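Order of the sequence lines sets the chain letters (A, B, ...), proteins ahead of strands, with each chain counted from 1. Not measured: the values here are computed from a predicted model.
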Protein chains: 2
Amino acid sequence: MGKTLRDTGKGAAATATAKLRHAGLRPTRQRVELASLLFKTCDRHVTAESLHDEVAGAGVKVSLATVYNTLHQFTEAGLLRQVIVDASRSYFDTNTGDHQHFFLESEGMLIDIPGETIAVAGVPAPPPGLSVDRVDVVVRVKRA
Amino acid sequence: MGKTLRDTGKGAAATATAKLRHAGLRPTRQRVELASLLFKTCDRHVTAESLHDEVAGAGVKVSLATVYNTLHQFTEAGLLRQVIVDASRSYFDTNTGDHQHFFLESEGMLIDIPGETIAVAGVPAPPPGLSVDRVDVVVRVKRA
DNA sequence: CAACGGATTAGAACGATTCTAAACTGTGAG
DNA sequence: CTCACAGTTTAGAATCGTTCTAATCCGTTG
Ligand SMILES: [Mn+2]
Ligand SMILES: [Mn+2]
Ligand SMILES: [Zn+2]
Ligand SMILES: [Zn+2]
């Protein structure tokens, strides 16, 4: 058995713990559990509720408040990024690099578009006193 | 006194009434009032609460529920468009044409960027079964 | 000037998120 | 290894934007 790209068993916890320590976050049971789920596979887009359901489904008990706390702490630590596409739910993205999204509103689904794929040209200089923080592109898609 | 670009006095109500009739909406006192405020000047970005405050400030009593109802009805009628840039508030835009936005989160301020100004190239074909509904660009800006 | 169906409204309800304050636990010192 | 403390978790309450309910109101049409 060779070493896979990402740990998926006991090793996941060790990886998550290291990641948390590196980010200056105490590796508590809950944070290790959530980090293991979030960073096990490559790119994920979760809501607080979807992650809460997922961790519960894995037989681990973590309160919803802790899921919210953790998502925000991970975001501040640069491990996640928040994506605003829907008026009623916040999404968190494990891909913190430069990229854009397809958004299928009817399913609440986000799909990554690599950063180099899309080029945004002609962004005017912002009004005096303001500077560009970042440019978000959301390609809203519909069924059929 | 010459005729100005937009009515700002008694004429505003007549203009608004015509606009409502044309959109198939009964011109009630509340809708005429709100339409007058919204379409008096060229382009506006409002939230339900900002519009509610504004109409109240003008000495007219309109319930918050009616403001919400009206914003949605105007949106369905194509008189407004909804803009999603903030996780906690919905914005409505009197500019329904093709254009993009600067968003200054700290002030909750939206600034239009004309549609021809920005070019988005390289949008990939959406996954099978999906079609592009529209492409939104949000240029998030910060102070200084 | 009815009378009818759509519109308005106060207030309750909702759903996502945040807060509170009390119980718990990772950590590092001793 | 144990203790103590600061940081963390949590249940439940609170917030807040938005939507719903069902009673009242009013624009339109005959
Ligand atoms: Mn939505
Ligand atoms: Mn915000
Ligand atoms: Zn993404
Ligand atoms: Zn606009």
With sequence neighbours left out, write down each residue that passes side chain to side chain donor-acceptor pair (under 3.5 Å) with B:S90, or none if nothing qualifies.
B:Q82
Annotated protein contacts, base or backbone, on nucleotides 9-22 of chain D with a non-hydrogen cut-off under 4.0 Å, one of B, S, - each:
SBS-----SBBB--
Restricting to side-chain contact (heavy atoms from CB on, under 4.5 Å), what partner residues turn up for A:D43, sequence neighbours left out?
A:T94, A:N95, A:D112
List in chain and number order the residues that pass side-chain contact (heavy atoms from CB on, under 4.5 Å) with B:D53, two or more places apart in sequence or in another chain; answer none if no residue qualifies.
B:E49
Only counting residues at least two apart or in another chain, list the ones meeting side chain to side chain donor-acceptor pair (under 3.5 Å) with B:T96.
none
So which pairs with a foot in residues 56-76 of chain B pass ring pair (Phe, Tyr, Trp, His ring centres under 6.0 Å), sequence neighbours left out?
B:H72-B:F92
For B:T66, which residues count as a side-chain contact (heavy atoms from CB on, under 4.5 Å) partner, sequence neighbours excluded?
B:Q30, B:V62, B:S63, B:T70
Show me the pairs that pass salt bridge (charged side-chain N to carboxylate O under 4.0 Å, His left out) and involve residues 66-83 of chain A, at least two apart or across chains.
A:R81-A:D136
Heavy atoms of chain B, cut-off under 4.0 Å: which first and last nucleotide of DNA chain C, 5' to 3', fall inside that, if you could look?
C:dG5 to C:dA10
